[in-house]
Amino acid sequence: MSRADSRGILFDLDGTLVDSLPDIIDSFLYAFPANGLQAPTYAQVRALIGLPLDIMYAEFAPQHVPALCASYREHYPLNFHRNSRPYPGVLELLHTLRERGYLLAVATTKKSPMARRFVDAMGLGTVLHHVQGTDDFPHKPAPDVLLRALAALGTQGLWMVGDTSLDLRAGKAAGLRTYGVTWGTHPVEELIRETPDELQPDLNRLLEHLPPLS
Ligand SMILES: [Mg+2]
């Protein structure tokens, strides 16, 4: 594939395209009393967002991971859209990049069926070319979910956009340039340590990097 065939732009989903943390954390916390356990604090949970669910629960109650995951998976699909919404400007950005000829995919740690459902509910389904979840292969910071997204797009990648150090490390491991956004889960200091190519409070620089393809 030549350089001219590199048209792939990858986005993390939660905390990057969509402000979804309150609904995720609510469902995460719900599982504790549902299983007769004391819940951790909101801040303790927030610090772990971006990791797979079972790893997050293992931090707090390693003996109860399967039951907690089951409670979450019961609660979240009924409540995932209560407070979640795309961040301002996201839909417009995706439309513009698509019009410019780029191929756009989500690369998320959510499982694919839930990720697809969520993207559709947020009104982003028609503007993305592909939604790639992490289905039984290594999660970010491993590059697998990004490489699968690019394979599905049938192109090479240019940028990975994300809100956590996991996204930025996965982007680098996949050979992409990395764009950190500062409105998501991880503190800016943590993102700086990953030395992304861009670290921004908005997506304007991404548009500057990506002019219309001829
Ligand atoms: Mg994220």
Side-chain angles (χ1 to χ4, degrees), residues 1-20 50-52 84 86-87 89-181 184-185 194 196-200 202-214:
M1 234 183 265
S2 74
R3 185 74 190 156
D5 295 319
S6 297
R7 298 198 285 148
I9 315 296
L10 303 184
F11 297 88
D12 170 57
L13 182 57
D14 297 291
T16 298
L17 295 182
V18 178
D19 183 2
S20 53
L51 290 168
S84 298
Y87 287 105
V90 159
L91 191 57
E92 296 78 1
L93 171 99
L94 296 176
H95 272 298
T96 302
L97 289 177
R98 193 176 168 120
E99 280 167 17
R100 290 182 179 185
Y102 295 95
L103 297 174
L104 313 177
V106 153
T108 175
T109 304
K110 275 186 160 70
K111 304 278 186 206
S112 285
M114 190 64 229
R116 164 53 69 183
R117 204 172 143 193
F118 186 50
V119 159
D120 288 342
M122 293 296 111
L124 302 176
T126 54
V127 76
L128 291 162
H129 295 91
H130 182 66
V131 176
Q132 182 64 55
T134 300
D135 306 312
D136 302 320
F137 51 78
H139 61 83
K140 293 183 262 186
D144 302 46
V145 65
L146 283 62
L147 298 175
R148 288 191 190 228
L150 291 170
L153 292 176
T155 186
Q156 293 189 345
L158 295 170
W159 285 87
M160 171 67 193
V161 184
D163 70 309
T164 70
S165 54
L166 302 171
D167 298 313
L168 302 176
R169 275 187 243 159
K172 282 187 186 181
L176 307 182
R177 299 180 80 188
T178 53
Y179 194 107
V181 297
T185 315
E194 303 299 332
D197 295 289
E198 292 282 358
L199 183 57
Q200 298 290 336
D202 57 50
L203 291 162
N204 297 335
R205 288 284 293 162
L206 191 62
L207 286 176
E208 289 174 31
H209 283 293
L210 296 169
L213 294 169
S214 49

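Keep in mind that the numbers below use all heavy atoms, side chains included, and drop hydrogens, waters and symmetry copies.
The backbone N or O of P52 sits nowhere less than 3.5 Å from a side-chain atom of H139 that would complete a donor-acceptor pair. With R177 contributing its side chain and G171 its backbone, the two residues share no donor-acceptor pair below 3.5 Å. No donor-acceptor pair under 3.5 Å is formed between the side chain of R205 and the backbone N or O of E198. Between the side chain of D163 and the main chain of V181, no donor-acceptor pair closer than 3.5 Å is present.
Remark: E208 CD to L203 CG distance equals 11.5 Å, nearest 0.5 Å. To the nearest 0.5 Å, atom CZ of residue R7 and atom CD of residue Q156 are 12.0 Å apart. For the atom pair CZ (R98) and CG (L104), the distance works out to 7.0 Å, reported to the nearest 0.5 Å.
Side-chain contact check for Y179 versus P196: every heavy-atom pair is 4.5 Å or farther apart. You'll find the side chain of T134 stays beyond 4.5 Å of the side chain of K111, heavy atoms only. Residues P86 and L91 are not in side-chain contact: their nearest non-hydrogen atoms beyond the backbone lie 4.5 Å or more apart. M122 places a side-chain heavy atom less than 4.5 Å from the side chain of F118. Counting heavy atoms from C-beta on, the side chains of V127 and L97 never come closer than 4.5 Å. Considering only heavy atoms from C-beta on, Y87 stays 4.5 Å or farther from L17 through its side chain. Side-chain contact between W159 and D197 is present, with heavy atoms from C-beta onward closer than 4.5 Å.
Inspection of the T155 and D5 side chains reveals no N or O donor paired with an N or O acceptor under 3.5 Å.
Residues P211 and H209 share a closest heavy-atom pair of CD-O, 3.2 Å. A pairwise comparison of heavy atoms in P143 and A170 identifies CB-O, 3.9 Å as the closest pair. G15 and S20 get closest at one heavy-atom pair: N-OG, 4.0 Å. Scanning both residues, L166 and G50, for their nearest heavy atoms gives CD1-O, 3.5 Å. When every heavy atom of H130 is checked against every heavy atom of A149, the shortest pair comes out as CD2-CA, 4.1 Å. Considering every non-hydrogen atom in both M160 and A107, the closest pair reads CE-O, 4.4 Å.
F137 carries R148 over the face of its six-membered ring, with the cationic atom under 6.0 Å from the centre and within 45° of the normal.
Here D120 pairs with R116 in a salt bridge; the nearest charged N to carboxylate O distance falls below 4.0 Å. Here K140 pairs with D12 in a salt bridge; the nearest charged N to carboxylate O distance falls below 4.0 Å.
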| message | With side chain to side chain contact (heavy atoms under 4.5 Å, CB included) as the criterion, how do T108 and V119 come out once you've worked through the C-alpha distance, each side chain's angles and the decisive distance to 0.1 Å? | response | CA-CA 11 Å; T108 175; V119 159; over 6 Å; no
Side chain to side chain contact (heavy atoms under 4.5 Å, CB included) between T109 and V145, intermediate numbers included:
CA-CA 8 Å; T109 304; V145 65; 5.9 Å; no
message = The test is side chain to side chain contact (heavy atoms under 4.5 Å, CB included); show your working for L146 and Q132 and say whether it passes.
response = CA-CA 8 Å; L146 283 62; Q132 182 64 55; over 6 Å; no
Q.
Working note: D167 + F11, criterion side chain to side chain contact (heavy atoms under 4.5 Å, CB included); need CA distance, chi angles, decisive distance, verdict.
A. CA-CA 9 Å; D167 298 313; F11 297 88; over 6 Å; no
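Between L176 and the choices L168, L158, L10, the side chain to side chain contact (heavy atoms under 4.5 Å, CB included) rule is met once, by L10.
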